[in-house]
There are 2 protein chains.
Amino acid sequence: MSGTATKARDRHQEILDAAARVITERGLAETRIADIAERTGVSPGLILYYFDSKDRLLSEALTYANDQFYLRMSREIRRIDSAREQLRRLIDLSVPGYLPEYGRLDEWALWVEVWVRALRDPEMAKDREALDQRWRNQIAEIIRAGQASGEFTSTVPAEELALRLACLIDGLAIQVVMNDSQVTPERMHRTCMEVAANELGFAL
Amino acid sequence: MSGTATKARDRHQEILDAAARVITERGLAETRIADIAERTGVSPGLILYYFDSKDRLLSEALTYANDQFYLRMSREIRRIDSAREQLRRLIDLSVPGYLPEYGRLDEWALWVEVWVRALRDPEMAKDREALDQRWRNQIAEIIRAGQASGEFTSTVPAEELALRLACLIDGLAIQVVMNDSQVTPERMHRTCMEVAANELGFAL
DNA sequence: ATCCGACTTGACTCACCGTTCAAAGTCGGA
DNA sequence: TCCGACTTTGAACGGTGAGTCAAGTCGGAT
């Protein structure tokens, strides 16, 4: 019984994982069930045994992948004391391709797919808002800590500062993930740090 | 001869227009040739008489629509003298749904579709970069003018300030177009103005 | 009036892919 | 060893929609 349940949960996750990778490579629109089956190493029929429909699978895969990303980042940041260093680390991790050790799994490419889908699918829209909320909260927490400790001198509400920073990161990350020749990972990083210093009130 | 050529160019544009509208409504993925034909008021066959393939048509439609948006904004801004007022107007026009007179044609929804496509289609990627370049230049021009006239006191290069502002606008517009409950059009507008004031150096 | 070329139609073809299903395999427990 | 439930397969089905094409329309030029 429990053995079966475990096995089933593994398959479930295995498929979500494969799906996320295929979507990253081929794009949501070009992702076929057959691709996901092949990547998982099973027959196409099995995919539909675990998921009611392609659509549900794709939606789940998108939120799953972004969830993973958030959790990884959250874990890393919790280990750091200084709010300033937490912020730096958050920016490091947000710049696509900035840290060589995190290969080009391009979470941001998945985000863009989430946006497109959320535009029409209410279910996805709800998930997206929750994900974004959590992300902005994470940033706001850091800022609040910095304000409390005196590391950041701005008296603007942390929640507002978090919105500014989160959206700047989004906008820049888009350019970077698109390979814009003017916006390299290094430049995005520098820009984020400078704006953060200006807005939060700390010296670089 | 010239009559024919004119007519043909009209049809071309008519189709692009219809395509842009259909894409805005249904999304790129759900847009069928039959939809565009219906919206144009012609038979499906005719669409492929004017465009080699659905893919080319959709790509053209996306850049065409964003081009239109840029031109309209550019025209409006050129009529204003003060750099500060130019900037305010640019922000007005950038916030989805902020000005009631511009109905919800949601250029930003099209931008997201452009991004997804540019991720894989090199042709689209080239167009996107050019479009973005021009947009950032537009902002940089305004900033340069304001720096020259003393309206803006920041000495950071205009090009860098333009990147910061452009990306902030992108990031916020995404939230707004997604109907994020925390990020209303009014809030986006306020945030843009405040960050602009901070970064460029002017009083609100 | 007739012809010619551009424009337009809509029915047809054809490939593709999500989904279904019957049959086969696997495995743990009685 | 056998039973039954869960898992897995891969072939078959069916809908969909892009792209083709042969035939028709129309207007202007000769």
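In what follows, chains are A, B, ... by sequence order, proteins preceding strands, each numbered from 1.
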Q: Sort out for me which residue in B:Leu200, B:Leu161, B:Val156 forms a side chain to side chain contact (heavy atoms under 4.5 Å, CB included) with B:Gln147.
A: B:Leu161

Q | Candidates A:Glu129, A:Met124, A:Arg128, A:Glu123 - the one meeting side chain to side chain contact (heavy atoms under 4.5 Å, CB included) with A:Lys126 | A | A:Glu123

So if I take every side-chain heavy atom of [X] and compare against [options], which nucleotide ends up nearest?
X       : options               : result
A:Ser53 : C:dT9, C:dT19, D:dT9  : C:dT19
B:Ser43 : C:dG10, D:dT7, C:dT19 : C:dG10
B:Tyr49 : C:dT9, C:dT8, D:dG17  : C:dT8
A:Lys54 : C:dC7, C:dT19, D:dT9  : C:dT19

Rounded distance in Å - [atom1] ([X]) to [atom2] ([N]):
X       : N      : atom1 : atom2 : value
A:Leu48 : D:dC13 : CG    : P     : 18 Å
B:Glu38 : D:dG17 : CD    : P     : 13 Å
A:His12 : D:dT7  : NE2   : P     : 11 Å
A:Asp10 : D:dC6  : CG    : P     : 18 Å
A:Arg56 : C:dT19 : CZ    : P     : 11 Å
A:Asp52 : C:dG18 : CG    : P     : 16 Å
A:Asp55 : C:dC17 : CG    : P     : 16 Å
B:Leu58 : D:dG17 : CG    : C1'   : 13 Å

Q) Can a side chain N or O of B:Arg11 be found less than 4.0 Å away from OP1 or OP2 on C:dT8? A) yes

Q) For B:Tyr50 and C:dT8, is the shortest distance between a side-chain N/O and OP1 or OP2 below 4.0 Å? A) yes

Q) Going by atom types only, do B:Arg164 and A:Thr191 share a side-chain donor-acceptor pair under 3.5 Å? A) no

Q.
Under a plain distance cut-off of 3.5 Å, with no hydrogens placed, do A:Asn198 and B:Glu199 share a side-chain donor-acceptor pair?
A. yes

Q.
Counting the atoms with a prime plus P, OP1 and OP2 as sugar-phosphate, which does B:Ile33 contact under 4.0 Å by heavy atoms, base, sugar-phosphate, or nothing?
A. sugar-phosphate

Q.
For C:dA30, give the paired nucleotide (Watson-Crick: N1-N3 plus N6-O4 or O6-N4; G-U: N1-O2 and O6-N3; both under 3.5 Å), or none.
A. D:dT1

Q. What is the pairing partner of D:dT25, taking Watson-Crick or G-U wobble pairs with both distances under 3.5 Å in any strand?
A. C:dA6

Q) Between B:Arg187 and B:Asp180, is there a side-chain N and carboxylate O pair less than 4.0 Å apart? A) no

